[in-house]
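Worth saying up front: this structure is predicted, and the values here are computed from it rather than measured. Just the heavy atoms: all of them, side chains too, but no hydrogens, waters or symmetry mates, feed the values below.
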Amino acid sequence: ILLTVDYDRTMTAPNSTVPERNFEAIRYFIANGGTFTMNTGRSTTTMGHLLRDIPVNAPFLLYNGSAAYENGVLSGLHVIDLPLWETLDAVKAAFPEMNLEIQAVDNHYLLNPREEFVALYDKMHWGWAEAEHGKDYGPFIKFASYGPVRKPFMSNMYECSAEDQARFDELDAFIRERWGDKVEVFRAAPRIIDVHAKGVSKGVAATELKAKLGKKILVCVGDADNDITMLDAADFAFCPADGVVAARYETVCNCG
């Protein structure tokens with residue numbers, strides 16, 4: 001069995017901590033012959049010490065499947081075939097209230113960061129630097145758009161009004177209409193949109209890892225729209241009872 005699990009609000013409780021019972025379950029699963037890894041939209045920057053602390057025995061799947069991480073090395077990078085700054089400038093001009101970030105291999109770069117967005121990053125202990133317009137930040141593997149930050153907690157990105165939903169639907173459509181032949185668009189949370197290279201998904205990453213490791217059964221657990229490809233690709237799929245997509249899949253206890 002290969003078990004791949006989403007991180008935020010699947011592995012973690014709503015306050016972004018990992019319950020000890022989850023670590024105990026992973027250690028038990030691995031000790032009894034299972035193969036375990038995380039399959040997350042997070043980057044090396046936002047995973048941080050978790051890349052050392054979470055007990056895995058397979059490569060981490062990061063950036064919604066845009067890269068794998070093992071023994072301190074990123075591999076299998078899927079690069080967006082678009083000019084970085086022309087793309088981000090167009091999004092920023094059309095949606096000026098959004099917080100935009102470049103998730104590069106070495107760090108996250110925030111575009112004209114607002115104080116409340118920086119407060120979220122600092123609260124989460126994520127590394128960041130302010131983006132220098134026009135600078136080359138290496139392979140263009142992901143950018144993300146966050147809604148206005150009202151409270152410095154990741155849970156705030158799950159609090160979505162009808163007006164928020166409509167605005168993110170507009171942003172989703174804007175990106176797909178202009179660059180849909182080049183990118184994939186995922187909702188990491190109701191008020192976060194992730195953008196990746198065409199063909200990238202958690203589902204593709206999980207099935208490719210299953211084949212590479214020669215495993216027979218793929219089991220996946222996730223909570224949000226960006227997990228749907230992974231859950232649909234699984235032989236057995238599960239969702240926390242309070243997950244955004246819980247109505248689609250068999251559920252376990254809520255993430256708290």
_Checking side-chain contact (heavy atoms from CB on, under 4.5 Å) between Met11 and each of Ile26, Val221, Leu50, which is the one that passes?_
Ile26

Just verifying a value: how many Å separate [X] [atom1] and [Y] [atom2], rounded to the nearest 0.5 Å?
| X | Y | atom1 | atom2 | value |
| --- | --- | --- | --- | --- |
| Asn99 | Lys92 | CG | NZ | 6.0 Å |
| Ile80 | Phe140 | CD1 | CZ | 4.0 Å |
| Phe143 | Glu101 | CZ | CD | 10.5 Å |
| Arg42 | Tyr69 | CZ | OH | 15.0 Å |
| Phe60 | Thr40 | CZ | OG1 | 10.0 Å |
| Leu100 | Phe95 | CG | CZ | 10.5 Å |

Measure across [X] and [Y] and return the closest heavy-atom pair with its distance rounded to 0.1 Å.
| X | Y | answer |
| --- | --- | --- |
| Ala131 | Tyr109 | CB-CB, 4.0 Å |
| Trp179 | Thr87 | CH2-O, 3.7 Å |
| Lys151 | Glu159 | NZ-OE2, 3.2 Å |
| Ser16 | Tyr7 | O-OH, 4.2 Å |
| Ala13 | Pro19 | N-CD, 4.0 Å |

Taking the side chain as C-beta and beyond, is there a heavy-atom pair between [X] and [Y] under 4.5 Å?
| X | Y | value |
| --- | --- | --- |
| Leu209 | Leu218 | no |
| Trp85 | Leu111 | yes |
| Val105 | Thr44 | no |
| Arg187 | Phe168 | yes |
| Ser145 | Leu171 | yes |
| Ile54 | Phe36 | yes |
| Thr37 | Glu70 | no |
| His196 | Ser201 | no |

*asked:* With side-chain contact (heavy atoms from CB on, under 4.5 Å) as the criterion, how do Ser66 and Lys142 come out once you've worked through the C-alpha distance, each side chain's angles and the decisive distance to 0.1 Å?
replied: CA-CA 8 Å; Ser66 288; Lys142 178 181 178 182; 5.5 Å; no

_A quick test of your reading: do over 12 heavy atoms of other residues, nucleotides or ligands sit less than 6.0 Å from CD of Glu115?_
no

*Step through the shown structure and confirm whether more than 12 heavy atoms of other residues, nucleotides or ligands are within 6.0 Å of NZ on Lys198.*
yes

Using modelled atom types and a 3.5 Å cut-off, is there a donor and acceptor pairing between side-chain atoms of [X] and backbone atoms of [Y]?
| X | Y | value |
| --- | --- | --- |
| Arg9 | Tyr158 | no |
| Asp194 | Ala144 | no |
| Asp242 | Cys255 | yes |
| Glu250 | Phe238 | no |
| Asn57 | Gly34 | yes |
| Asn156 | Arg150 | yes |

Atom pairs and distances, side-chain donor-acceptor, residues 224-232, under 3.5 Å, sequence neighbours left out:
from: Asn226; atom 1: ND2; to: Asn64; atom 2: OD1; distance (Å): 2.9
from: Asp227; atom 1: OD1; to: Lys202; atom 2: NZ; distance (Å): 2.5
from: Asp227; atom 1: OD2; to: Asp223; atom 2: N; distance (Å): 2.9
from: Asp227; atom 1: OD2; to: Ala224; atom 2: N; distance (Å): 2.9
from: Thr229; atom 1: OG1; to: Gly203; atom 2: N; distance (Å): 3.0
from: Asp232; atom 1: OD1; to: Tyr249; atom 2: OH; distance (Å): 2.8

*Dump the intermediate steps for side-chain contact (heavy atoms from CB on, under 4.5 Å) on Val219 and Phe29, then the final yes or no.*
CA-CA 12 Å; Val219 181; Phe29 178 72; over 6 Å; no

*Given Met38 and Thr10, is the side-chain contact (heavy atoms from CB on, under 4.5 Å) satisfied, shown in steps?*
CA-CA 10 Å; Met38 304 303 306; Thr10 303; over 6 Å; no

_With salt bridge (Lys or Arg N to Asp or Glu O under 4.0 Å) as the criterion, how do Arg167 and Glu170 come out once you've worked through the C-alpha distance, each side chain's angles and the decisive distance to 0.1 Å?_
CA-CA 5 Å; Arg167 191 59 169 159; Glu170 290 177 18; 2.7 Å; yes

*asked:* For Arg191, is there an ion pair with Glu163 - N to carboxylate O distance below 4.0 angstrom?
replied: no

